[in-house]
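Both counts, for ligands and for their atoms, begin at 1 and track the order of listing.
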Amino acid sequence: MRNLSIGIFDSGVGGLTVFKEISSLLPGENLIYLGDTARVPYGGKSAQAITRYALECALFLLTKGIKLLVIACNVSSAYALPLIKRRFPIPVVGVIEPGVREAASVTRSKRVGVIGTKGTIRSGVYENYLKRIDPEIVVISKACPLFVPIVEEGLESDEIAYIMAERYLKEIKEADVDTLVLGCTHYPVLENVIRSVMGSHVKIVHSGKETAKVVKDLLEKENLLSRRRKGEHRYFVTDLPESFIETGSRILGRKIDSVKCVKQMDFRYIFFSS
Ligand code: DGL
């Protein structure tokens with residue numbers, strides 16, 4: 001069991017920000033990443049569609065023989081985590097709770113901004129979790145729907161990223177928060193832009209590192225940590241791999257040299273035969 005891989009998925013390249021932290025904390029683990037590039041972005045879709053997509057991605061990874069699943073996508077975690085956790089025979093980790101815990105521990109003024117896709121913000125999940133930890137925390141949230149396509153297109157240093165960040169972050173800046181949660185795994189790619197708009201006094205929280213720690217603790221607890229020195233990394237996408245390779249290599253800081261394209265058909269086969 002300990003030799004099996006960790007499965008990680010997102011709608012696109014964003015989850016690689018989490019993948020990167022997991023691979024640096026757990027270099028001996030085999031990692032399998034799936035980016036659902038045929039259907040990205042998920043953020044503007046209905047709860048039903050997001051749940052189905054997330055379930056299909058999770059099932060695909062399960063058939064690859066994994067010992068733990070990471071839903072490296074906030075909007076999928078928001079809508080599908082409880083269902084997948086209930087149905088899957090392996091530990092399943094989402095990215096929302098780790099980020100929430102970190103935000104609640106770093107805020108001093110108890111004024112916290114949350115940015116994410118439309119679906120994540122609409123779900124209210126960050127606000128609920130933050131308030132559960134500390135009812136005095138005031139949450140100011142804002143959907144930033146164009147951030148994901150900007151990242152997927154590799155435009156994180158382009159003027160368009162700054163223009164949209166100024167526009168999206170205006171209310172949160174005016175609300176005088178001391179902490180901003182990046183509630184989408186694509187957003188750490190825009191961290192420099194977001195920081196320059198918010199100012200250096202605002203703490204920026206994203207869940208990659210915390211999620212990696214949760215994964216390590218869980219594997220330790222279940223006695224499932226790999227004993228290898230160096231694990232293998234495999235990547236799958238559901239449509240053309242070119243821009244995934246380009247943007248993904250920038251995110252990881254190393255070249256992704258092989259990506260396999262999965263057909264939607266495979267998903268359907270898995271879905272109906274399971
Ligand atoms: N990276 C994803 C998230 O964390 C989703 C982006 C999208 O597909 O809209 O929510």
> For Lys203, what residues pass the salt bridge (charged side-chain N to carboxylate O under 4.0 Å, His left out) criterion, not counting sequence neighbours?
Replying inline: Asp178
> ligand 1: which residues have a non-hydrogen atom closer than 4.0 Å?
Replying inline: Asp10, Ser11, Val40, Pro41, Tyr42, Gly43, Cys73, Asn74, Val75, Thr117, Val148, Cys184, Thr185, His186
>> With ring pair (Phe, Tyr, Trp, His ring centres under 6.0 Å) as the test, pick out the partner of Phe236 among Phe60, Tyr33, Phe9.
In response: Phe60
> Can you name the side chain to side chain donor-acceptor pair (under 3.5 Å) partners of Tyr42, sequence neighbours left out?
Replying inline: Asp36
>> Run the side chain to side chain donor-acceptor pair (under 3.5 Å) test against Lys64 and tell me which residues pass, sequence neighbours left out.
In response: none
> So does Glu210 pair up with Arg101, basic N to acidic O under 4.0 Å?
Replying inline: no
>> I'd like to know if Glu156 and Arg250 make a salt bridge, using a cut-off of under 4.0 Å between side-chain N and carboxylate O.
In response: yes
